[in-house]
Number of protein chains: 2
Amino acid sequence: MTRALTRKGEATRARIVAGAAAEIRERGVDETRLEDVMARTGTSKGQLFHYFPGGKEELLLAVAQHEADQVLSDQEPMLSNLTSWPAWLAWRDRLIERYLAQGVTCPLNSLLGQASRRGPGAQAVVTGLMRRWQNAIAEGIRHMQSTGDIAPEVDADRAAAALLAGIQGGVLLLLSTGQIDHLEAALDLTIDSLRVGARTA
Amino acid sequence: MTRALTRKGEATRARIVAGAAAEIRERGVDETRLEDVMARTGTSKGQLFHYFPGGKEELLLAVAQHEADQVLSDQEPMLSNLTSWPAWLAWRDRLIERYLAQGVTCPLNSLLGQASRRGPGAQAVVTGLMRRWQNAIAEGIRHMQSTGDIAPEVDADRAAAALLAGIQGGVLLLLSTGQIDHLEAALDLTIDSLRVGARTA
DNA sequence: CGGCTTTTGGACTTGCAGGTCCATTTTTGG
DNA sequence: CCAAAAATGGACCTGCAAGTCCAAAAGCCG
């Protein structure tokens, strides 16, 4: 049931997902028609519904998954190596740089606010992304605690939750107002507050 | 050109905006049809286009404006009176309570991520909302600095930007994952960090 | 090679939601 | 009370985009 794709089929499917993702990044979800995807990827309607029998919804879900993975891997290897203050700054810089570069073109901007409405599948994708993201941050905090660079009283998960919220809000404000100030302020001030009272070891 | 609405007309127009706002809150923007608004508000298609010649887009803009104002007035009188730590906590509690109550039902969730795509009008509405919001917070910080409750070295605007980002991100995460933890953590930790090094006066 | 499955192309159907139009009723102002 | 303006109701039009269908081409495997 699941195995019925030849190598060529696999390639075509991937091309559709990538093309749809690009199209959505450029024009937004609700401005993207199946026809646009077909044109960009050089495919036909028959192919779209062959690889995504559930139609647009199923395609959108695949794109969301694809983009969610991208968001995290774009932060590597920094995100998984928050083991010193310079490493934290490097991660911070990467985030700023990346979002500044892509500007309004956020892969899942339209997904975030409407995840709950787009059905349980989309919700799961977003929730999973956020969970992995927050876990990586918390892991970094715990490592810094083990080296005495962050006070042991800090609740790593709670601090990670706050930092993640700051990032998401910063990006949201970048998307809506075009200013990156909020993202910078949130990152810098939150990270700074982690340094306070360090060096206890 | 602008004056051509009788009292009755004014009332009908307001009813349409309020009804559309409610419908959008419940079902989301792209799931809301003009017909739904008509049914809910007991109006006809003729009326809709009479009061909003620009069609759906113009109506949406009016709704956005309406909801943006609502967001701020819902935080009053706390937001304009951040003059003591208990006042800050009261404001914090109001935010939590409010967003917890409305859950997934955020009036402009779908607007935020797509403001730039919905045209300059929507962008202006969102930008204006955020600017007013951030200003009110910064005002509160400055007042606390004047009473010596917050250290004078703190950059009020920058801190307000970070706090606002935390709030927006917290709400976003509430909407996408259903958990209010992020909003709580962002509010509490950011406000706490403002208290550090206070009492200098 | 030869039958099978997968892949592909694209014409066609369909439903629907936004928008147009005009006839009718109500309100306004003198 | 009457004309003009505003408010209302609802039938109708139209375009579009998702989804269906099938027939033809290309690949796979004995």
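By convention in this document, chain letters (A, B, ...) are assigned in the order of the sequence lines, proteins followed by strands, and residues within each chain are numbered from 1.
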Chemist: Taking only side-chain N and O atoms of B:Tyr51, does any of them lie within less than 4.0 angstrom of OP1 or OP2 on D:dT8?
Modeler: yes

Chemist: Provide, to the nearest angstrom, the distance between the CG atom belonging to B:Asp30 and the P atom belonging to C:dG18.
Modeler: 11 Å

Chemist: Return each pair, listed once, that meets side chain to side chain donor-acceptor pair (under 3.5 Å) where at least one residue sits in residues 47-61 of chain B; pairs must be two or more places apart or across chains.
Modeler: B:Ser44-B:Gln47

Chemist: Which pairs with one or both residues in residues 13-23 of chain A pass salt bridge (Lys or Arg N to Asp or Glu O under 4.0 Å), sequence neighbours excluded?
Modeler: A:Glu23-A:Arg27, A:Glu23-A:Arg40

Chemist: Taking only residues two or more places apart in sequence, or in another chain, which ones meet A:Leu173 in a side-chain contact (heavy atoms from CB on, under 4.5 Å)?
Modeler: A:Thr177, A:His182, B:Met130, B:Leu164, B:Ala165, B:Gln168

Chemist: Taking atom C1' of C:dA17 as reference, at what distance in whole Å does atom CG of B:Leu59 sit?
Modeler: 14 Å

Chemist: Do any side-chain nitrogens or oxygens of A:Gln47 fall under 4.0 Å of OP1 or OP2 in C:dT7?
Modeler: no

Chemist: Once side-chain contact (heavy atoms from CB on, under 4.5 Å) is applied, do any residues pair with A:His143, and if so which ones, sequence neighbours excluded?
Modeler: A:Thr83, A:Ser146, A:Thr147

Chemist: On DNA chain D, does the nearest nucleotide to A:Glu57 precede the nearest nucleotide to B:His50 from the 5' side, or the other way round? Give the residue.
Modeler: B:His50

Chemist: Return each pair, listed once, that meets side chain to side chain donor-acceptor pair (under 3.5 Å) where at least one residue sits in residues 117-129 of chain A; pairs must be two or more places apart or across chains.
Modeler: none

Chemist: In this structure, how many angstroms lie between the P atom of C:dA17 and the CG atom of B:Leu48, rounded?
Modeler: 14 Å

Chemist: Heavy atoms within less than 4.0 Å of DNA chain C: which residues of residues 17-29 of chain A have one? Give them sorted by number.
Modeler: none

Chemist: Can you name the residues that form a side-chain contact (heavy atoms from CB on, under 4.5 Å) with A:Gln65, not counting sequence neighbours?
Modeler: A:Asp69, A:Val125

Chemist: Can you pull the salt bridge (Lys or Arg N to Asp or Glu O under 4.0 Å) pairs that have at least one residue in residues 168-191 of chain A, sequence neighbours excluded?
Modeler: A:Arg92-A:Asp188, A:Asp188-B:Arg158

Chemist: Quick one: on DNA chain C, does A:Thr43 or B:Pro53 contact a more 5' nucleotide (nearest heavy atom)?
Modeler: A:Thr43

Chemist: Give the rounded distance in Å between these two atoms: CZ of A:Phe52 and C1' of D:dT20.
Modeler: 18 Å

Chemist: Nucleotide by nucleotide, 5' to 3', does protein get under 4.0 Å of the base (B), only the sugar-phosphate (S), or neither (-) in nucleotides 11-18 of chain D, counting heavy atoms?
Modeler: B-----SB

Chemist: Got a sec, which residues hit salt bridge (charged side-chain N to carboxylate O under 4.0 Å, His left out) with A:Asp30, two or more places apart in sequence or on another chain?
Modeler: none

Chemist: Which residue is it: B:Leu108, B:Leu60, B:Val63? I am looking for the one with a side chain to side chain contact (heavy atoms under 4.5 Å, CB included) to B:Val29.
Modeler: B:Leu60

Chemist: Does CD in A:Glu35 sit with more than 12 non-hydrogen atoms of other residues, nucleotides or ligands closer than 6.0 Å?
Modeler: no

Chemist: Might you list the N or O atoms of the protein lying below 3.5 Å from N or O atoms in nucleotides 25-30 of chain C, with each pair's distance?
Modeler:
none

Chemist: Taking side chain to side chain donor-acceptor pair (under 3.5 Å) as the test, write out the residues that go with B:Asp74, two or more places apart.
Modeler: B:Gln70, B:Arg98

